[in-house]
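Presented below is the structure to which this report refers.
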Amino acid sequence: MTPPARLRRELRGRTLKKLDRRGKYLVGTTDCGSRLVLHLGMTGQLFSSEAASPRLLSATARASLAPEEQGDFRPDSHTHLRFCFDDGGPEVFMRDVRKFGKVQLLAAGEASARLDELGGDALELDGDRLFGATRGRKTAIKALLLDQRVIAGCGNIYADEALFGAGVRPGRRAARVTRRECVALAEALRRVLARSIETGGTSISDYVAPDGRDGGYQDERKVYARAGAPCYSCATPIKKTVIAQRGTHYCPRCQK
DNA sequence: ACCGCACCCTGAGCGC
DNA sequence: TGCGCTCAGGGTGCGG
């Protein structure tokens, strides 16, 4: 975590030359070669000053502001960063209620163990590579999917959805998942993520796009946060358990 | 090397 | 109305 004063000092006057995504990290490179690394954690939001959404307001702010007053965003106590640009474009805010997000400025040439240890990107996950990563691993297949050193960019919702798509129980020991199942799992994860990107992401509690709009994937999820509701394939109630300290949802009939 | 767990932090929703 | 409890999309650091 880089202190705000240092961010101010070292970013002022710099030009952002490029912006990359590495798994769940956003990496901006400046004209002097330094890199700004952002991670949104659980409740982090990155958005334009022109964005308007009830998700960008606390409950009390929502209650006290009339809908027509909920226009251009005003920083509140959960707003930790404001980027101002001199090209006339809107400002960019980072807001994060739970403060699990991270902001780190790396000097030119400075390495980051976190970034360097990231596995291959989830969007291009290869089934055979996943199979290789599961060999000799006693941990649950879901825990492995969430390990960013194995797959960069897979989060809890998408792990549950991919496991459902592939018909694999989240608690199975990774080493017991077959090559065929790993191929299906990789394909399911790529498909789930591609579809979530198409629909703009999953807005269940905090997520908003940079323009403030909700995503649509919450309407397409099959198991996540559907405990007790009927499976869309077989009508068996979806079960919920805990794996790797994360809420885990699956169909006890469709997933073996 | 690997594994499971406590912990970081704040707010929403629930039962009483 | 308010209290206390549980839970939440992520990651780190520790002990075994």
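Just so we're on the same page: letters track the sequence lines, and every chain starts at 1.
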Please report the distance, rounded to the nearest Å, between [atom1] in [X] and [atom2] in [N].
X: A/Leu146; N: C/dT12; atom1: CG; atom2: P; result: 13 Å
X: A/Asp206; N: C/dG10; atom1: CG; atom2: P; result: 12 Å
X: A/Leu115; N: C/dG11; atom1: CG; atom2: P; result: 12 Å
X: A/Arg226; N: C/dA8; atom1: CZ; atom2: C1'; result: 19 Å
X: A/Gln104; N: C/dG11; atom1: CD; atom2: P; result: 15 Å
X: A/Arg173; N: B/dC2; atom1: CZ; atom2: C1'; result: 12 Å
X: A/Leu144; N: B/dA1; atom1: CG; atom2: C1'; result: 14 Å
X: A/Lys102; N: C/dT12; atom1: NZ; atom2: C1'; result: 8 Å

Do the side-chain N or O atoms of [X] get closer than 4.0 angstrom to the phosphate oxygens (OP1, OP2) of [N]?
X: A/Gln148; N: C/dG11; value: yes
X: A/Lys24; N: C/dG11; value: yes
X: A/Arg246; N: C/dA8; value: no

With respect to the side chain of A/His39, which nucleotide from C/dG11, C/dT12, B/dC3 is positioned closest?
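From the listed options, C/dG11 comes nearest.
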Of all of residues 216-225 of chain A, which get a heavy atom below 4.0 angstrom from DNA chain C, listed by number?
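Per residue number, the list reads A/Tyr224.
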Between residues 149-164 of chain A and DNA chain C, which residues have a heavy-atom gap below 4.0 Å?
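Those residues are A/Gly155, A/Asn156, A/Ile157.
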Going by an N to O cut-off under 4.0 Å, is there a salt bridge joining [X] and [Y]?
X: A/Arg22; Y: A/Asp20; result: no
X: A/Asp31; Y: A/Lys17; result: no
X: A/Asp206; Y: A/Arg95; result: no
X: A/Arg190; Y: A/Glu187; result: no

Pair A/Tyr232-A/Arg226, side-chain donor/acceptor within less than 3.5 Å:
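Distance-only check passes for A/Tyr232 and A/Arg226.
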Would you check if there is a donor-acceptor pair between the side chains of A/Thr241 and A/Tyr250 at a distance under 3.5 Å?
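No pair is found: no donor N or O on one side chain lies under 3.5 Å from an acceptor on the other.
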Examine distances only and state if a side-chain atom of [X] and a backbone atom of [Y] form a donor-acceptor pair shorter than 3.5 Å.
X: A/Gln148; Y: A/Gly153; value: yes
X: A/Ser48; Y: A/Pro90; value: no
X: A/Arg35; Y: A/Thr29; value: no

List the residues meeting salt bridge (charged side-chain N to carboxylate O under 4.0 Å, His left out) with A/Arg12, not counting sequence neighbours, and say none if there are none.
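Scan of A/Arg12 (salt bridge (charged side-chain N to carboxylate O under 4.0 Å, His left out), adjacent residues dropped) gives none.
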Given side chains that start at C-beta, do those of A/Leu36 and A/Leu16 come closer than 4.5 Å, heavy atoms only?
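In short, these two side chains do not touch, never coming nearer than 4.5 Å.
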Between A/Thr79 and A/Phe73, is any pair of side-chain heavy atoms under 4.5 Å apart?
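A/Thr79 vs A/Phe73: side chains touch.
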So that I can compare with my own list, what are the stems of DNA chain C, taken as at least three consecutive Watson-Crick or G-U pairs with distances under 3.5 Å?
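Looking at DNA chain C, the stems formed by three or more consecutive pairs are B:2-8 with C:10-16, B:10-16 with C:2-8.
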According to side-chain contact (heavy atoms from CB on, under 4.5 Å), who are the partners of A/Ala188, at least two apart in sequence or on a separate chain?
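If we apply the side-chain contact (heavy atoms from CB on, under 4.5 Å) test to A/Ala188, skipping adjacent residues, the hits are A/Ala162, A/Ala166, A/Arg191.
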Taking the [atom1] atom of each, how far is [N] from [M], in whole Å?
N: C/dC3; M: B/dC9; atom1: P; result: 23 Å
N: B/dG11; M: C/dG11; atom1: P; result: 22 Å
N: B/dA6; M: C/dT6; atom1: P; result: 13 Å

Answer with base, sugar-phosphate or nothing: what part of the nucleic acid does A/Arg114 contact at a heavy-atom distance below 4.0 Å?
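Sugar-phosphate, backbone atoms only, no base.
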Using a cut-off of 4.0 Å on non-hydrogen atoms, how would the nucleic acid contact of A/Asp96 be classed: base, sugar-phosphate, or nothing?
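Contact class for A/Asp96: none.
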Start with the C-alpha distance between A/His249 and A/Asp160, add both sets of side-chain angles, then the distance that settles side-chain hydrogen bond (donor to acceptor under 3.5 Å, both in side chains), and finish with yes or no.
CA-CA 6 Å; A/His249 316 74; A/Asp160 280 4; 2.8 Å; yes
Considering non-hydrogen atoms only, spot the tightest contact between A/Arg129 and A/Gly120 and give its length.
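So the two residues come closest at NH2-N, 3.8 Å.
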For nucleotides 4-13 of chain B, read 5' to 3', which letter fits each nucleotide if B means a protein heavy atom sits under 4.0 Å from the base, S means only the sugar-phosphate is that close, and - means neither?
SB--BBBSS-
